[in-house]
Amino acid sequence: MSTSLRFKVVKEAFDRKAVSVKTPEERPEAFFAKAVFNRKRMYEYLPKDTYDKLIKAIEEKQPIDRALADSVAEGMKRWAIDNGARHYTHWFHPLTDGTAEKHDAFIEHDGKGGVVEEFTGKLLVQQEPDASSFPNGGIRNTFEARGYSAWDISSPAFILDGTLCIPTIFISYTGECLDYKTPLLRALNSVDVAATKVARWFDSEVKHVKSYLGWEQEYFLVDEALFSARPDLVLTGRTLIGHESAKNQQLEDHYFGAIPSRVEAFMLDLETEAHRLGIPVKTRHNEVAPNQFELAPIYEETNLANDHNLLIMTLMGEVARRHNFRVLLHEKPFAGVNGSGKHNNWSLGTDNGTMLFSPGKTAKGNLQFITFIINVMAAVHKHNALLKASIMSATNCHRLGANEAPPAIISIFTGKAIANILEKLENATTDELANISKKEGVSLGLAQIPELLIDNTDRNRTSPFAFTGNRFEFRAVGSSANCACSMIVLNAAVADQLNYFYDAVNARVAKGQELNDAILEELRQLARDCKAIHFDGNGYSDEWKKEAARLGLDCETSAPKIFDAYLRPSSVEMFRRTGVLSEVELHARNEVKWEMYTKKIQIEARVLGDLAINHIIPVATRYQSALVDNVVKLKSLFTGVKGAKIVSHDLETIEKISDHMDIIKTEVDRMIEARKQANHITDEREKAIAYHDTVVPPMEIIRRHVDKLELMVDNEMWPLPKYRELLFIR
Ligand code: ADP
Ligand code: MG
């Protein structure tokens with residue numbers, strides 16, 4: 001790109017007006033979920049008998065037979081065609097970023113030279129995408145390349161861009177899962193079974209426990225023209241070079257500030273589309289960094305909430321383009337300003353309406369509350385390394401531990417009210433405990449919890465896992481992540497812990513102890529054992545890093561090594577006991593994680609090499625050469641001491657440019673050599689570690705020196721849009 005082109009692109013971006021969107025005439029009530037085959041549509045389009053059987057199967061998590069599938073397929077097809085769909089697809093979540101789909105038209109030969117639009121139960125329930133090109137960690141060899149996708153009846157079908165999308169799981173012929181949805185459903189099932197057993201101590205009417213998720217999606221918007229002029233944004237989703245803008249977020253004037261009209265138009269359009277797809281998006285606001293925004297729905301059951309998050313990430317990209325924007329879901333698109341996360345607000349609730357992380361109205365309800373809170377803490381403590389692994393990626397590692405995000409250490413913030421209860425419990429003597437038990441916890445202050453919580457869940461923003469009054473907020477999740485990753489681990493770990501707790505309490509009861517006594521004694525033990533995970537202080541401080549290491553929390557910072565946590569015996573056993581992932585699956589999935597890590601760094605390193613050598617060095621050379629010319633000319637005009645003085649600044653700059661260019665070239669060579677060496681390694685883990693240890697460090701040095709050159713070289717010559725141009729939408 002020549003100089004004038006950058007200026008042209010920037011002008012184009014700055015002059016751009018908001019795309020006008022028509023506010024829908026109908027209210028959201030009228031069009032909400034219009035594009036979803038939900039119960040209302042099922043009732044309308046399915047024979048009564050089919051409808052009843054399908055609902056029963058969904059509620060009881062039972063498989064459906066072929067006759068039922070045929071009948072559902074017929075109704076679903078009629079609804080889809082009535083709503084303009086021409087194609088259908090099994091929509092699944094492979095182990096890459098995002099979702100996968102292969103579209104087929106409804107048409108079949110009619111035997112008379114024409115076609116009929118057909119859709120059978122067989123096509124609805126199961127398909128066999130040739131999926132050898134999806135990552136599988138070596139589970140499938142190419143000679144048995146087929147996997148199959150199967151309908152997840154708990155998530156409704158929907159129409160997107162004229163295609164009927166059927167949410168499915170994706171598994172190999174040998175039965176191993178090749179996606180995120182399968183283990184998520186298994187984890188949700190395991191937490192349902194485990195939590196139901198425990199909840200029934202307090203309320204014998206409970207039949208199921210549901211897991212809920214409310215995600216808060218952060219993202220950046222960049223003007224499309226500027227985006228296109230940055231090869232790094234186009235190819236890697238983040239800026240690999242770029243000096244901080246003189247103004248970024250230091251005035252803190254963006255958070256909750258007025259939303260620019262261009263962005264507002266985008267948001268309205270996105271929300272309308274989301275509502276049509278039944279995604280209950282509710283909250284929107286500016287985030288801390290310039291051009292950064294957040295979108296959050298009303299929480300839903302975890303499986304559906306996750307489908308909706310994946311869908312919204314796709315929608316955001318599409319709608320943004322209609323508004324001449326590009327959406328950046330990368331966790332750290334810009335150095336020096338806040339990155340993007342995806343807070344996962346998570347809770348458990350019974351089928352008869354009790355939220356298990358909300359303090360109860362009675363002393364008994366509060367004993368239940370504290371039972372679930374402490375068991376979550378124990379699970380997070382036991383599996384803190386694994387939870388960290390669940391949110392780690394080549395992209396999220398830039399955000400964690402940077403100044404605005406939780407460190408790469410998992411701890412739990414509870415707030416004072418809970419902290420006081422924990423303290424009393426831990427220190428209670430056995431006599432005191434018996435007394436507490438008689439009053440069902442009243443003397444722990446449990447009866448006053450609801451009032452206490454109101455002002456006690458002061459939001460400690462530095463905690464990666466915070467209790468926020470009626471839910472836990474897992475804040476370390478990355479903005480581009482599939483929430484399933486963390487939800488699989490969290491729900492499975494809590495299920496496993498609850499199973500353990502249930503057995504431990506029952507063993508005491510079997511020996512004649514009162515149930516409440518047994519519960520409190522076990523809780524006291526857990527509270528003592530998991531004390532290390534509880535941290536209400538400043539998670540960003542260096543003292544905490546030292547303290548956390550002393551307490552035995554996992555402090556590993558290298559992403560490829562963090563993935564090892566999935567293969568620790570404690571993790572393998574936990575996943576086996578809960579039936580969420582087998583050892584074969586765990587190994588395969590880690591292979592994919594390491595491979596993805598390597599590939600992402602590899603792509604970044606290539607792009608950075610190209611930018612440095614083909615974009616930056618030539619421009620810096622040109623500018624330097626102009627300076628040299630100038631020096632020669634000045635020297636011919638002014639001689640002696642005067643001449644030396646006049647050119648001294650230019651000479652200094654010329655030398656500095658040479659120094660920076662020299663380092664950049666040397667480091668690019670070092671980076672390329674490191675890549676070559678790493679590429680010889682066949683073991684995926686070792687290769688990822690080599691990329692982390694030897695390819696990333698020169699990349700950081702290259703960036704530093706390119707950014708220095710950006711401050712020295714003539715602004716007109718600089719080929720790439722600068723931060724100040726990228727980050728401020730007018
Ligand atoms: P914040 O102040 O952290 O931005 P919000 O009130 O905007 O919090 O809520 C953030 C998300 O948490 C929303 O998606 C909301 O629906 C969800 N949420 C609220 N209560 C629960 C709950 N009990 N379980 C799961 N998610 C919840
Ligand atoms: Mg929040």
Side-chain angles (χ1 to χ4, degrees), residues 28 32 184 187-188 191-192 195 199 208-219 254-257 259 267 270-271 274-275 278-289 292-313 316 338 340-361 365 368-369 372-373 376 404-406 412-415 418 449-450 453-477 479 481 483-484 486-487 490-491 494 539:
F32 189 81
L184 178 63
L188 296 175
V191 83
D192 175 3
H208 284 289
V209 169
K210 295 174 179 173
S211 162
Y212 295 101
L213 167 64
W215 40 263
E216 298 165 62
Q217 177 74 53
E218 293 180 339
Y219 61 97
H254 193 250
Y255 193 57
F256 283 4
I259 298 172
M267 286 175 167
L270 175 64
E271 285 157 1
H275 286 159
I279 309 173
V281 292
K282 184 175 167 74
T283 309
R284 48 146 108 144
H285 60 79
N286 285 356
E287 261 303 324
V288 177
Q292 193 188 25
F293 307 93
E294 180 185 298
L295 177 70
I298 301 169
Y299 68 90
E300 301 176 282
E301 280 187 49
T302 297
N303 179 40
L304 184 61
N306 189 43
D307 280 356
H308 281 167
N309 181 248
L310 289 161
L311 197 48
I312 204 104
M313 289 197 284
M316 285 172 118
N338 276 13
S340 300
K342 177 149 53 198
H343 296 176
N344 279 8
N345 294 270
W346 170 79
S347 65
L348 296 174
T350 66
D351 57 335
N352 56 359
T354 303
M355 295 305 275
L356 294 167
F357 304 149
S358 294
K361 292 191 182 66
Q368 164 166 280
F369 163 73
F372 278 92
I373 297 290
V376 170
E404 80 285 1
I412 299 184
F413 167 86
T414 66
I418 308 281
I449 290 177
L453 279 181
I454 292 169
D455 38 50
N456 264 301
T457 55
D458 56 307
R459 306 296 187 80
N460 180 331
R461 290 280 162 197
T462 67
S463 178
F465 199 98
F467 178 68
T468 49
N470 61 354
R471 62 190 188 268
F472 286 94
E473 194 170 329
F474 195 7
R475 302 206 185 103
V477 181
S479 48
C483 303
S486 54
M487 287 294 118
L490 184 58
N491 286 288
V494 169

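Read the numbers this way: they start at 1 and go in the same order the structure lists the ligands and their atoms. Basis for what follows: all heavy atoms, side chains included, without hydrogens, waters or symmetry-related copies. Residue numbers run from 1 in the order of the sequence given.
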**Report entry** ligand 1 contact on N470 by region, counting heavy-atom pairs under 4.0 Å
**Finding:** both
Query raised in the report: Considering only heavy atoms, does H343 approach ligand 1 within less than 4.0 Å through its side chain, its backbone, both, or neither?
Result: neither
Report summary line: A student comparing E473, R471, K282 should find that the heavy atom closest to atom 6 (O) of ligand 1 comes from R471
Query raised in the report: Backbone or side chain, does any N or O of T283 fall under 3.5 Å from an N or O of ligand 1?
Result: no
Query - Heavy-atom side-chain proximity of E216 to N345 below 4.5 angstrom - result: yes
Query raised in the report: For ligand 1, which atoms sit closer than 4.0 Å to a heavy atom of I298?
Result: 16 (O)
Query raised in the report: Passes ring-ring contact (aromatic ring centres under 6.0 Å, His included), F357 versus W346? Steps please.
Result: CA-CA 9 Å; F357 304 149; W346 170 79; 5.1 Å; yes
Query raised in the report: Nearest to atom 12 (O) of ligand 1 by heavy atom, L356, T302, N345: which?
Result: N345
Query raised in the report: If hydrogens are left out, which of A296, S211, P280, P297 has an atom nearest to atom 15 (C) of ligand 1, that is, the closest non-hydrogen atom?
Result: P297
Query raised in the report: Do Q217 and M313 come within less than 4.5 Å of each other through their side chains, counting heavy atoms only?
Result: yes
Report task. Hey, can you tell me if Y219 and F293 have their rings parallel, tilted or perpendicular (30° and 60° cut-offs)? Result -> tilted
Requested in this report: Before signing off on this row, confirm whether Y212 and ligand 1 have an N or O atom pair separated by under 3.5 Å.
Outcome: no
Query raised in the report: Is there side-chain contact between S347 and M355, with heavy atoms separated by less than 4.5 Å?
Result: yes
Report summary line: Here the atoms of ligand 1 under 4.0 Å from any heavy atom belonging to E216 are 1 (P), 3 (O), 4 (O), 10 (C)
Requested in this report: From the options L213, T302, L184, select the one residue that forms a side-chain contact (heavy atoms from CB on, under 4.5 Å) with C483.
Outcome: L213
Query raised in the report: Who's closest to atom 26 (N) of ligand 1 heavy-atom-wise, of W215, F472, Y299?
Result: Y299
Query raised in the report: Looking at E218, E294, Q292, which hits side-chain hydrogen bond (donor to acceptor under 3.5 Å, both in side chains) with S340?
Result: Q292
Query raised in the report: Is the distance between the ring centroids of F465 and F472 less than 6.0 Å?
Result: yes
Requested in this report: Using a 4.0 Å heavy-atom cut-off, say whether M355 meets ligand 1 through its side chain, its backbone, both or neither.
Outcome: side chain
